[in-house]
Amino acid sequence: MIDVLYFAWVRERIGVPREQVATNAATVAELIEELKAREERYALAFSDLRALRVAVDQELTDFDASLVGVREVAFFPPMTGG
Amino acid sequence: MIDVLYFAWVRERIGVPREQVATNAATVAELIEELKAREERYALAFSDLRALRVAVDQELTDFDASLVGVREVAFFPPMTGG
Amino acid sequence: MTVRIQTESFDAGAELNAFTDTAAGAGAVVSFTGVVRDVDGSLVAMEIEHYPGMTEKAIATIVSEAQTRWDLAGALVIHRHGRLTAGDQIMMVATASRHRVDAFQAAEFLMDYLKSRAPFWKKEMTQSGNGWVEARDEDEAALDRW
Amino acid sequence: MTVRIQTESFDAGAELNAFTDTAAGAGAVVSFTGVVRDVDGSLVAMEIEHYPGMTEKAIATIVSEAQTRWDLAGALVIHRHGRLTAGDQIMMVATASRHRVDAFQAAEFLMDYLKSRAPFWKKEMTQSGNGWVEARDEDEAALDRW
């Protein structure tokens, strides 16, 4: 089980801020494919990966990052702090 | 008559912060030559012009600046504000 | 270094004075304060969302990087989240150094990285609707200079 | 713009807050504060001499130039003269703009020009003697980037 978190419009499209996901996905990209296959709201949220960023265990990374030993994956748009 | 002002170590070497000078010098450089010829303390203060800056009527300028119509000339070392 | 993530407002002047006191002897102190702007008079509120846990880690990493690159006597980051309105202070950064160039550069570096690498997202509620503030290409490009 | 040349101390935090209030709507406020440093523990006092009349004109010219170059909602310069001791605030600059880059650049520009083009001279009184602070080549060179 991996905690999957969503922020900003990704959260709004998927409808929840976080959920636990049972997955055997080896990478973030595989996890995204699994989620997209589940329901339309995921397919919509993940339709353009260029508009998304991902953090694995609270570190910004790439979509090909491994999920081995990972507790938490977060998806969100580019950040707008400051 | 021109008001001549001195600041920082130039003031200390010449011994006064300002004085009125009767001069027919056409340029700052000529005024400096006149002052150097007066007394040793002027010769000392003006011995290395690279270490000096000049303002004419409160505007930073060069030693070849004209003194026509000028009320005030100031000599000082490079500034150290901020 | 001090990093605070909070919903409460803060007094930038009081923070600057307290920071300057702790960094005594530094000589040069630079601060940046970000204020909610109401560009066309239609802003009702700004909601700032963040990623608790990652926010603190990301900012600590950014501040550590600044401390490696410049000779800093101290660094302060305060960033609010939650609901703000026009004129509210969103965040502030302060840096102290013996050298003014170091203090300036470190503050600019912190701002550039906070903009694009700290997990905050701004949503604007306006009279004509709500929308997430989009990241600007120039903010991403600003990272290239470091 | 506000320019103040004074012997009295000032409260940088209170000045920052007042400045931010007047520049409301700007979004980005940058401040720089310079503090008297006692590098080796021997500083008794620092005397700052200036050229009344020219100082105000030179700073007004520098601030006007900054306003021409950047999109500023406001600019503040406070510079003290007279006798100061370690830890005293010497001067401060603040800039406000809609754009953080403009606020930062204008503040750095003001500092670089105040260093080398505003008629102030610092003398340090130390336990081992007194001496005028010498202008540094790097401060003069800093002007070339503008």
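Chain letters run A, B, ... following the sequence lines, proteins first and then strands; every chain starts at 1.
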Chain D-proximal positions within residues 7-15 of chain B [heavy-atom distance under 4.5 Å]: Phe7(B), Ala8(B), Trp9(B), Arg11(B), Glu12(B)
Contact class of Ala118(D) relative to chain B, heavy atoms under 4.5 angstrom: backbone
Heavy-atom contact with chain B under 4.5 Å, split by part of Glu47(D): neither
More than 12 heavy atoms from other groups under 6.0 Å of CZ on Arg71(B): no
Within 6.0 Å of CG in Asp144(D), more than 12 heavy atoms from elsewhere: yes
Partner residues of Ser128(D) under the side-chain hydrogen bond (donor to acceptor under 3.5 Å, both in side chains) criterion, sequence neighbours left out: Thr126(D)
Note, Leu60(B) side chain near Met54(D) side chain (heavy atom, < 4.5 Å): yes
CD/Glu134(D): more than 12 non-hydrogen atoms of other groups inside 6.0 Å: no
Inter-residue atom distance Met79(B).CE - Trp121(D).CH2, 0.5 Å rounding: 6.5 Å
Considering all heavy atoms, the nearest Thr80(B)-Val133(D) contact: CG2-O, 3.4 Å
Residue part contacting chain B, namely of Lys115(D), when any heavy atom lies under 4.5 Å: both
Which portion of His50(D) sits near chain B, non-hydrogen atoms under 4.5 angstrom: backbone
Gly82(B) backbone acceptor or donor facing His79(D) side chain under 3.5 Å: yes
Arg117(D) versus chain B, the contacting section by heavy-atom distance below 4.5 Å: both
Neighbour count >12 (heavy atoms, 6.0 Å) for atom CD, Glu19(B): yes
Asp40(D), CG atom: more than 12 neighbouring heavy atoms under 6.0 Å: yes
Lys122(D) side chain vs Gly81(B) backbone, donor-acceptor pair below 3.5 Å: yes
